[in-house]
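Notes to accompany the following structure.
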Amino acid sequence: MTGIVNVIGGYLAGIYIQKKGRGFELIAKLLMVGSVLILLAVCWNPFFPIAKKLWTSSFTLLTIGIDLMLIAVLIYLYELKHYKTGSRFFLVFGRNPLTIYLLSELLLIVLRLIWVSPDVSFYDWVNDGIFQQIFPGPLGTHVFAFCFMLVCWLVGYFMDKKKIYIRI
């Protein structure tokens, strides 16, 4: 249920951005609302812990707050300062978002279904045998997730290069 709140939050932010235009007032309001949501999440955390697996309300507040702040920074850089370096990276995700999302879900399922040994999936083997050895703990998990995201991005990049866009 709280995942739906994330979608609604993104939808409302999109409508607000479209109506307000892309100025400093918009950026300031997005940063302020994002900060308030993050503060609320941190204050709510002792009573209802921030947990992604459970998608708690505090996690939802935190992620919407972070998203609003990131959108504000991106609008500032790309819309107001006309900073173009690195924009292609984001455009690749935006041109085939559903395809890249579905690829990430299917690839994750496939990596968990391939068994290297009776108790170890290919996913666990790569994470534990490579990433956790180089970057132990949560950093290794983060680096593994980042590399997984880059693999999905590469598929989107090649689709973009070939002008393949899948829309519904």
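Across all non-hydrogen atoms, the minimal contact from Val33 to Leu68 is CG1-CD1, 3.6 Å. For the pair Ile50 and Asn45, the tightest heavy-atom approach, listed with the atom from each and the gap, is N-OD1, 2.8 Å. For the residue pair Gly21 and Leu26, the shortest heavy atom distance occurs at O-CD2, 3.0 Å. Asn6 and Trp55 get closest at one heavy-atom pair: OD1-NE1, 3.4 Å.
Grouped with Ile109 in one hydrophobic cluster are Leu113, the linkage being side-chain heavy-atom contacts under 4.5 Å among Ile, Leu, Val, Met, Phe, Trp and Tyr residues.
By the 6.0 Å contact criterion, OH on Tyr101 is open, its count of non-hydrogen atoms from other residues, nucleotides or ligands being 12 or less. Heavy atoms of other residues, nucleotides or ligands lying less than 6.0 angstrom from OH of Tyr76 number 12 at most.
Distance CG/Leu111 to CG/Leu106: 11.0 Å, rounded to 0.5 Å. Note that the CG atom of Asn127 and the CD1 atom of Ile130 stand 9.5 Å from one another [nearest 0.5 Å]. Atom CD1 of Ile38 sits about 9.5 Å away from atom OG1 of Thr63, to the nearest 0.5 Å.
In this structure, Thr56 contributes its side chain and Phe48 its backbone to no donor-acceptor pair below 3.5 Å.
Applying the side-chain hydrogen bond (donor to acceptor under 3.5 Å, both in side chains) rule to pairs touching residues 102-123 yields Ser121-Asp124, sequence neighbours excluded.
With sequence neighbours excluded, no residue forms a side-chain hydrogen bond (donor to acceptor under 3.5 Å, both in side chains) with Gln133. Among residues two or more places apart in sequence or in another chain, the side-chain hydrogen bond (donor to acceptor under 3.5 Å, both in side chains) test is passed with Asp160 by Arg88, Arg95, Tyr165. Legend: residues meeting side-chain hydrogen bond (donor to acceptor under 3.5 Å, both in side chains) with Ser57, ordered by chain and number and at least two apart, are Trp44.
No side-chain heavy atom of Leu12 sits less than 4.5 Å from a side-chain heavy atom of Tyr16. Residues Thr99 and Ile164 fail the side-chain proximity criterion, which asks for heavy atoms closer than 4.5 Å.
Follow the hydrophobic side-chain contacts under 4.5 Å out from Leu62 and you never reach Val7; the two are in separate clusters. There is a path of hydrophobic side-chain contacts, each under 4.5 Å, that joins Val36 to Leu70. Linking Ile, Leu, Val, Met, Phe, Trp and Tyr residues whenever their side-chain heavy atoms come within less than 4.5 Å leaves Leu39 and Leu30 in two separate clusters. Linking ILVMFWY side-chain heavy atoms closer than 4.5 Å, directly or via other members, places Leu91 and Leu77 in two distinct hydrophobic clusters. Linking Ile, Leu, Val, Met, Phe, Trp and Tyr residues whenever their side-chain heavy atoms come within less than 4.5 Å places Ile71 and Leu31 in a single cluster.
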All N/O donor-acceptor pairs, side-chain side in residues 135-156, below 3.5 Å, sequence neighbours left out:
residue, atom, partner, partner atom, Å
Thr141, OG1, Gln132, NE2, 3.1
Trp153, NE1, Phe89, O, 3.1

